Amino acid sequence: MTLRMLRAGAAGLALAAGLSAAPLKAETVLTVLTAGDQNMVDYVNEYLAPKFEAQNPGVKVRAAGTGPGDGGSQKIYEKLSAEAAAGAARWDVDVAVIHQKMAGQMVQEKMLSAYVGDVKTGTLASRDSARNALGTDVTGYVLPMFHSQIALAYNPDLVKAPPKTYAELAEWVKANPKAFGYNGIKGGMSGVGFVTGWTAANIGDAAKLEKGPYDAAMKPAIEKALSGLKDFNKSVTLTPGNAGTLDMLNRGEIAMGPVWVDMFYSWQADGRLNPAMKLQLIGPGMPGQPMYYAVPAKAANQEAARKFIELATSPEVQADGIVKRFNWYPGIDAAYVQPKLDAQTWAKLFTDVKPDELASKGKPFPLSGYFTDIMEAYERTVAN
């Protein structure tokens with residue numbers, strides 16, 4: 001998923017209220033290692049770091065990136081695992097920004113600190129993804145930095161009554177051949193998310209896909225749930241990826257397709273997408289994913305790390321940094337962020353997809369085992 005490069009905000013913005021006032025030891029260097037695109041590093045170095053350093057004189061924040069996707073989180077794991085194997089008393093990563101899959105593994109391997117109860121913002125994230133990472137209980141070990149969400153984008157001039165469920169969408173596609181476009185499972189996660197959402201909508205035990213435990217005996221049910229997608233695909237337009245879906249929507253080549261919400265709004269803000277385009281989060285739900293703030297178990301600067309995450313997950317920073325600058329959904333509950341946002345920004349992000357819809361229809365990706373089964377079943381049942 002490609003996101004806009006962050007540009008540094010005004011350093012004089014008010015600091016988040018209510019944070020711990022005790023000064024940290026001078027000459028502290030807080031090391032933040034983040035998976036994700038370069039904009040994640042920019043966000044820390046150009047936006048969060050100046051705020052935190054102003055609040056904590058003598059402390060310097062340094063962020064480095066490890067690359068996009070789960071591979072970036074894997075590199076963070078490998079670094080910390082090597083330090084643990086070497087018997088290091090203190091690890092040289094203070095804050096890690098990681099994906100769900102790796103967060104669960106690191107909790108299971110006792111590589112993270114249970115810090116959430118020690119920060120004032122720890123009670124502000126009540127969504128299930130703050131406690132459940134693809135089937136692993138991560139309660140107390142992580143706080144979401146933000147949530148990305150997949151939804152259907154559509155042209156209201158061409159789609160007067162957008163479908164509200166996967167079942168309605170299947171009927172709409174039959175009546176409007178080639179007007180719906182997505183990239184299958186190649187070229188971007190918006191299409192992959194659509195496929196996993198289809199599976200969950202057409203299987204008897206969708207909760208098991210999300211929360212486990214993994215059971216290989218589910219494979220036939222997964223294949224059956226995907227069987228209708230082969231006929232569905234005969235009436236759709238296959239796009240070249242996340243950006244390709246948005247491009248084809250903007251050119252009028254398709255009227256509807258799954259997109260990342262933040263990418264949708266960023267393209268509109270850049271003038272690359274028709275401002276009249278709208279979003280629909282269909283039922284029973286579509287997947288999204290958070291990025292997590294975590295503190296390694298033997299981080300050298302545990303206190304500074306907790307204070308940093310407390311600032312980063314404060315309503316003020318979530319409003320200005322996460323929502324206004326990136327068009328991401330906040331990591332903490334939207335109710336705490338709304339008072340810190342102007343009406344125009346709030347309306348832009350939550351007019352089409354309401355906070356209660358996001359809470360009820362925003363789903364996690366399936367457990368890694370089921371995810372693999374779904375991708376293999378798609379190739380076997382749908383693509384062939």
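Predicted, not measured: the structure shown is a model, and the values here were computed from it.
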Query raised in the report: In the single-linkage hydrophobic clustering (I, L, V, M, F, W, Y; side-chain heavy atoms under 4.5 Å), do Ile254 and Phe194 co-cluster?
Result: yes
Query - Asn39 side chain vs Asp42 backbone, donor-acceptor pair below 3.5 Å - result: no
Query raised in the report: Asn250 side chain to Arg272 main-chain N or O, any donor-acceptor pair under 3.5 Å?
Result: yes
Report task. May I ask whether Val261 and Leu246 are part of the same hydrophobic cluster, defined by side-chain heavy atoms of I, L, V, M, F, W, Y residues being less than 4.5 angstrom apart, directly or through others? Result -> yes
Report task. For Glu303 and Lys307, run salt bridge (Lys or Arg N to Asp or Glu O under 4.0 Å): C-alpha distance rounded to whole Å, both residues' side-chain angles, the deciding distance at 0.1 Å, then the answer. Result -> CA-CA 6 Å; Glu303 181 189 358; Lys307 290 170 71 74; 5.3 Å; no
Requested in this report: Apply side chain to side chain donor-acceptor pair (under 3.5 Å) to Gln74 and list each qualifying residue two or more places apart in sequence or on a separate chain.
Outcome: Glu78
Query raised in the report: Roughly how far, to the nearest 0.5 Å, is the OH atom of Tyr265 from the CG atom of Asn327?
Result: 8.5 Å
Report task. Answer yes or no: is there a donor N or O on one side and an acceptor on the other, between the side chain of Asp94 and the main chain of Ala305, under 3.5 Å? Result -> no
Query raised in the report: Can you check whether Met286 reaches Tyr166 side chain to side chain, under 4.5 Å on heavy atoms?
Result: yes
Query raised in the report: Between Phe326 and Phe146, is any pair of side-chain heavy atoms under 4.5 Å apart?
Result: no
Query raised in the report: Does one side chain, of Thr345 or Asp342, offer a donor that lies under 3.5 Å from an acceptor on the other?
Result: yes
**Report entry** Under the side chain to side chain donor-acceptor pair (under 3.5 Å) test, residues paired with Glu379 that sit two or more places apart
**Finding:** Lys186
Query raised in the report: Short question: side chain of Glu223, backbone of Thr381 - any donor-acceptor pair under 3.5 Å?
Result: no
**Report entry** Gln302 side chain vs Ala297 backbone, donor-acceptor pair below 3.5 Å
**Finding:** yes
Report task. Can you sort out the partners of Tyr329 under ring pair (Phe, Tyr, Trp, His ring centres under 6.0 Å), two or more places apart, ordered by chain and number? Result -> Phe350
Query raised in the report: With a 3.5 Å cut-off and no angle check, do the side chains of Asp333 and Ser126 form a donor-acceptor pair?
Result: yes
Query - Residues that Phe264 engages under ring pair (Phe, Tyr, Trp, His ring centres under 6.0 Å), provided they are two or more places apart - result: none
Report task. For Glu168 and Lys164, indicate whether the former's side chain and the latter's backbone hold a donor-acceptor pair under 3.5 Å. Result -> yes
Query raised in the report: Side chains of Asn242 and Tyr182: do they bring a donor and an acceptor to under 3.5 Å?
Result: no
Query raised in the report: Is Lys340 close to Asp320 at the side-chain level, that is, under 4.5 Å between some pair of heavy atoms?
Result: no
Query - Separation of His99 NE2 from Gln289 CD (nearest 0.5 Å) - result: 5.5 Å
Query raised in the report: Is the side chain of Glu357 donor-acceptor paired with the backbone N or O of Lys354 at a distance under 3.5 Å, no angle test?
Result: yes
Query raised in the report: Does the Asn301 side chain pair with the main chain of Val29, one donor and one acceptor, at a distance under 3.5 Å?
Result: yes
Query raised in the report: Just by distance, with hydrogens left out, do Glu210 and Tyr370 show a side-chain donor and acceptor under 3.5 Å apart?
Result: no
Query raised in the report: With sequence neighbours left out, what residues match Arg90 under salt bridge (Lys or Arg N to Asp or Glu O under 4.0 Å)?
Result: none
Report summary line: Between the OH atom in Tyr115 and the CG atom in Asp118, the distance rounded to the nearest 0.5 Å is 10.5 Å
**Report entry** Test item: Tyr77 side-chain N/O and Met102 main-chain N/O as donor-acceptor pair under 3.5 Å
**Finding:** no
With a 3.5 Å cut-off and sequence neighbours excluded, list the donor-acceptor pairs that the side chains of residues 201-209 form with protein atoms.
from: Asn202; atom 1: ND2; to: Trp198; atom 2: O; distance (Å): 2.8
from: Asp205; atom 1: OD1; to: Lys208; atom 2: N; distance (Å): 3.4
from: Lys208; atom 1: NZ; to: Asp215; atom 2: OD2; distance (Å): 3.4

Requested in this report: Could you tell me whether the side chain of Thr136 and the main chain of Asn132 form a donor-acceptor pair under 3.5 Å?
Outcome: no
Query raised in the report: Sequence neighbours excluded, which residues qualify as ring pair (Phe, Tyr, Trp, His ring centres under 6.0 Å) partners of Phe308?
Result: Phe52
Query raised in the report: Run the side chain to side chain contact (heavy atoms under 4.5 Å, CB included) check on Met111 and Ser81 step by step: do they pass?
Result: CA-CA 8 Å; Met111 296 179 68; Ser81 183; 4.3 Å; yes
Let me check something: any side-chain donor-acceptor pairs from residues 274-283 under 3.5 Å, sequence neighbours excluded? List them with distances.
from: Asn274; atom 1: OD1; to: Ala276; atom 2: N; distance (Å): 2.8
from: Lys278; atom 1: NZ; to: Asp352; atom 2: OD1; distance (Å): 2.9
from: Gln280; atom 1: NE2; to: Pro163; atom 2: O; distance (Å): 3.3

Report task. State which residues pass side chain to side chain contact (heavy atoms under 4.5 Å, CB included) with Pro287; sequence neighbours excluded, sorted by chain then number. Result -> Ile150, Thr196, Phe365
Query - Donor-acceptor side-chain pairing of Asp92 and Thr31 below 3.5 angstrom - result: no
Requested in this report: Under the side chain to side chain contact (heavy atoms under 4.5 Å, CB included) rule, collect the residues that match up with Glu253, sequence neighbours excluded.
Outcome: Met248, Arg251
Requested in this report: Could you list the residues that satisfy salt bridge (Lys or Arg N to Asp or Glu O under 4.0 Å) with Asp356, not counting sequence neighbours?
Outcome: none
Query - Heavy-atom side-chain contact between Leu169 and Thr165 under 4.5 Å - result: no
Query raised in the report: Where is the tightest heavy-atom contact between Ser235 and Val173, given as atom of each residue plus distance?
Result: CB-CG1, 3.4 Å
Query - Approximate separation, where rounding is to 0.5 Å, of Leu238 CG and Asn183 CG - result: 8.5 Å
Report summary line: Residues at least two apart in sequence or cross-chain that pass salt bridge (Lys or Arg N to Asp or Glu O under 4.0 Å) with Lys298, listed by chain then number, are none
Query - Minimum side-chain heavy-atom gap Pro315-Leu124 below 4.5 Å - result: yes
Query raised in the report: Is the NZ or CZ atom of Lys51 both under 6.0 Å from the centre of the six-membered ring of Tyr47 and within 45° of that ring's axis?
Result: yes
